[in-house]
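Working notes, structure below.
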Amino acid sequence: MKTANGNTSVMDMFEKGKVLKICAPMVRYSKLAFRSLVRKYNCDICFTPMIVAADFLRSIKARDSEFTTNERDRPLIVQFAAHDAQSLADAACAVAPFSDGVDLNCGCPQRWAMSAGYGACLINKPELVKDMVRHVRNQVDNPNYTASIKIRIHKDLRQTVDLCQKAESAGVSWITVHGRTTEERHQPVHYDAIKTIKDSVSVPVIANGDIKYLRDVELTHELTGVDGVMAARGLLANPAMFAGYEDTPLQCIWDWVDISVEQGTPFTCFHHHLIYMLERVSSQPERKVFNSLSSTSAVIDYLQNTYGSVHDLRT
């Protein structure tokens with residue numbers, strides 16, 4: 001399979017010595033407009049926000065609101081929350097013509113997800129995860145379509161290794177490891193655990209957690225030997241991070257304005273992304289003014305008056 005931008009299939013992107021740079025699934029945030037932005041700045045693969053498979057299958061409205069893409073939005077991985085194999089496989093079959101793979105969320109620690117049988121509770125159900133991966137592999141009619149999982153780690157790492165090896169035996173394409181337990185939020189990432197998992201399986205492993213600058217990509221690779229890194233908050237704060245920028249460059253801010261206007265991004269989403277992007281480069285009084293703005297035109301006027309336009313960059 002060729003991806004829409006002419007590259008070979010996703011698995012061919014995992015090359016020895018190359019560390020893939022990946023935009024994480026982020027509820028409300030990793031939607032089409034933001035994916036379009038980070039792709040301009042050296043992001044290799046993007047994930048959709050997590051979508052509940054059962055809702056997606058049940059409702060046309062859910063499908064239209066949760067999954068939007070275009071021909072340039074590739075390579076694209078659609079992440080689903082599911083707790084039974086057939087729902088995941090049916091959802092995968094529905095999105096397969098418009099994407100390059102699906103990912104099963106086994107890492108979301110939020111109480112609502114775990115109480116519904118989704119997310120991080122699945123790391124304690126390795127046989128179910130194995131069955132879910134196998135169903136996707138067997139039912140999507142495209143041998144190049146990927147089926148991956150995103151997990152957190154157990155306190156007893158032997159359980160995590162067992163989960164990963166079972167998923168590998170079912171044909172999982174790769175495994176993303178958020179190097180924290182379900183209970184941990186902002187504690188340091190357990191790089192040693194990620195390395196142990198990487199050394200225990202032969203499929204590619206992606207590291208997730210605390211990637212804030214491009215140098216963190218290389219550091220994480222050196223510490224763990226992983227095949228790629230995935231960033232969430234780091235990309236929200238600076239969508240140009242993977243291109244080596246320390247903070248969000250002005251060009252990137254105006255790219256976001258252009259993309260949002262072109263795609264009709266709702267104001268709240270447009271504004272929230274800019275709040276994240278400007279946080280490190282603006283003073284508290286500036287942030288107070290900016291955060292209170294309530295229309296796209298007011299935001300554009302503010303950006304021009306405070307930072308200058310893109311044309312100023314070129315003069």
Hey, could you give me the CD1/NE2 distance between Ile275 and His273, rounded to the nearest 0.5 Å? 11.0 Å
Just checking, is any N or O donor in the side chain of Glu286 or Thr306 under 3.5 Å from an acceptor N or O on the other one? no
Would one find more than 12 heavy atoms of other residues, nucleotides or ligands at under 6.0 Å from atom OH of Tyr276? no
Do Asn238 and Arg280 come within less than 4.5 Å of each other through their side chains, counting heavy atoms only? yes
Membership question, hydrophobic clusters at under 4.5 Å side-chain separation (ILVMFWY): are Leu236 and Phe267 in the same one? yes
Taking side chain as C-beta onward, heavy atoms only, is Arg28 less than 4.5 Å from Phe34? no
Just checking Asn305: does its CG atom have more than 12 heavy atoms from other residues, nucleotides or ligands closer to it than 6.0 angstrom? yes
Glu183 with Lys155: basic N within carboxylate O range, under 4.0 Å: yes
Quick one, Thr146 with Met11, criterion side chain to side chain contact (heavy atoms under 4.5 Å, CB included). Give me CA distance, side-chain angles, the key distance, then yes/no. CA-CA 8 Å; Thr146 62; Met11 294 312 296; 3.8 Å; yes
Residue pair Asp103 / Ser148, side-chain donor-acceptor N/O under 3.5 Å: yes
Heavy atoms, side chains only, cut-off 4.5 Å: are Ile211 and Met230 in contact? no
Other than Met114, which residues form its hydrophobic cluster under the rule that side-chain heavy atoms must be closer than 4.5 Å? none
Begin from the C-alpha positions of His154 and Thr181 and carry the test side chain to side chain contact (heavy atoms under 4.5 Å, CB included) through to its verdict. CA-CA 6 Å; His154 299 81; Thr181 66; over 6 Å; no
May I ask you to test the Cys43-Cys23 pair for a side-chain heavy-atom distance under 4.5 Å? yes
Between Leu274 and Leu250, is there a shared hydrophobic cluster once you connect ILVMFWY residues whose side-chain heavy atoms come closer than 4.5 Å? yes
Between the side chains of Ser173 and Tyr145, does any donor sit under 3.5 Å from an acceptor? no
Under the side chain to side chain contact (heavy atoms under 4.5 Å, CB included) rule, what do Val136 and Phe80 come out as? Steps first, then yes or no, please. CA-CA 12 Å; Val136 173; Phe80 285 110; over 6 Å; no
Would you give the length of the straight line joining atom CG of Leu293 to atom CG of Leu303, rounded to the nearest 0.5 angstrom? 8.5 Å
State whether the number of non-hydrogen atoms from other residues, nucleotides or ligands found under 6.0 Å of Tyr302 atom OH is greater than 12. yes
Could you tell me whether Asp227 and Lys18 have a side-chain N and a carboxylate O separated by less than 4.0 Å? no
Minimum heavy-atom distance Leu214-Phe242, with the two atoms named: CD1-O, 3.6 Å
Counting N and O atoms only, with roles assigned by atom type, does the side chain of Gln159 sit under 3.5 Å from a partner on the main chain of Asn124, one being a donor and the other an acceptor? no
Any side-chain heavy-atom pair of Val226 and Ile206 under 4.5 Å: no
Membership question, hydrophobic clusters at under 4.5 Å side-chain separation (ILVMFWY): are Met241 and Tyr29 in the same one? yes
Give a yes or no on whether Arg233 atom CZ has more than 12 heavy-atom contacts from other residues, nucleotides or ligands under 6.0 Å away. no
For the pair His135 (side chain) and Asp131 (backbone), establish whether a donor and an acceptor sit closer than 3.5 Å, ignoring hydrogens and angles. yes
NE2 of His271 to OG of Ser295, rounded to nearest 0.5 Å, is 9.5 Å
Could you list the residues that satisfy side chain to side chain contact (heavy atoms under 4.5 Å, CB included) with Arg185, not counting sequence neighbours? Pro109, Arg152, Gln187
Does some side-chain heavy atom of Leu104 sit less than 4.5 Å from a side-chain heavy atom of Lys150? no
Could you give the distance from CE (Met26) to CZ (Arg35), rounded to the nearest 0.5 Å? 10.5 Å
Do Asp100 and Arg74 have side chains that approach each other closer than 4.5 Å (heavy atoms only, starting at C-beta)? yes
How does the hydrophobic cluster around Met50 look, that is, which other residues are in it when side-chain heavy atoms under 4.5 Å mark a link? Val52, Trp112, Tyr118
Run the side chain to side chain contact (heavy atoms under 4.5 Å, CB included) check on Thr160 and Ile151 step by step: do they pass? CA-CA 9 Å; Thr160 319; Ile151 66 170; 3.7 Å; yes
Using every non-hydrogen atom in the two residues, find where Leu57 and Ser87 come nearest and quote the distance to one decimal. CD1-O, 3.5 Å
Give the minimum heavy-atom separation between Ile22 and Leu235, together with the two atoms involved. O-CD1, 4.3 Å
How are the rings of Phe47 and Trp174 set relative to one another: parallel (under 30°), tilted (30 to 60°) or perpendicular (over 60°)? perpendicular
Do Trp254 and Phe290 land in one hydrophobic cluster if side-chain heavy atoms of ILVMFWY residues count as linked below 4.5 Å? yes
Testing the basics here: between Ala62 and Asp55, what is the closest heavy-atom pair and its distance to 0.1 Å? CB-O, 3.6 Å
Check whether any side-chain heavy atom of Gln165 lies under 4.5 Å from a side-chain heavy atom of Ser200, and answer yes or no. yes
Salt-bridged, Arg180 to Asp210, with N to O below 4.0 Å? yes
Would Arg215 and Tyr213 count as a cation-pi pair here, with the cationic atom under 6.0 angstrom from the ring centre and within 45° of the axis? yes
If you round to the nearest 0.5 Å, how far is CG of Leu37 from CD1 of Ile253? 10.0 Å
Could you state the interatomic distance from NZ (Lys288) to OG (Ser282), rounded to the nearest 0.5 Å? 14.0 Å
Do NZ/NE/NH1/NH2 and the carboxylate oxygens of Asp199 and Lys195 come within less than 4.0 Å? yes
Side chains of Asn42 and Lys21: any donor to acceptor distance under 3.5 Å? no
Ala33 and Ile259: which non-hydrogen atoms are nearest, and at how many Å? O-CG2, 3.6 Å
Any side-chain donor-acceptor pair under 3.5 Å between Ser9 and Asp12? yes
Inspect the contact between Arg39 and Asp73 and indicate whether a charged nitrogen and a carboxylate oxygen are less than 4.0 angstrom apart. yes
Treating Ser292 as the side-chain partner and Val289 as the backbone partner, does any N or O pair qualify as donor plus acceptor under 3.5 Å? yes
Over all atoms of both residues, closest heavy-atom pair of Val140 and Ala92: CG2-CB, 3.8 Å
For residues Met277 and Val299: do they belong to one hydrophobic cluster (side chain heavy atoms under 4.5 Å, members Ile, Leu, Val, Met, Phe, Trp, Tyr)? yes
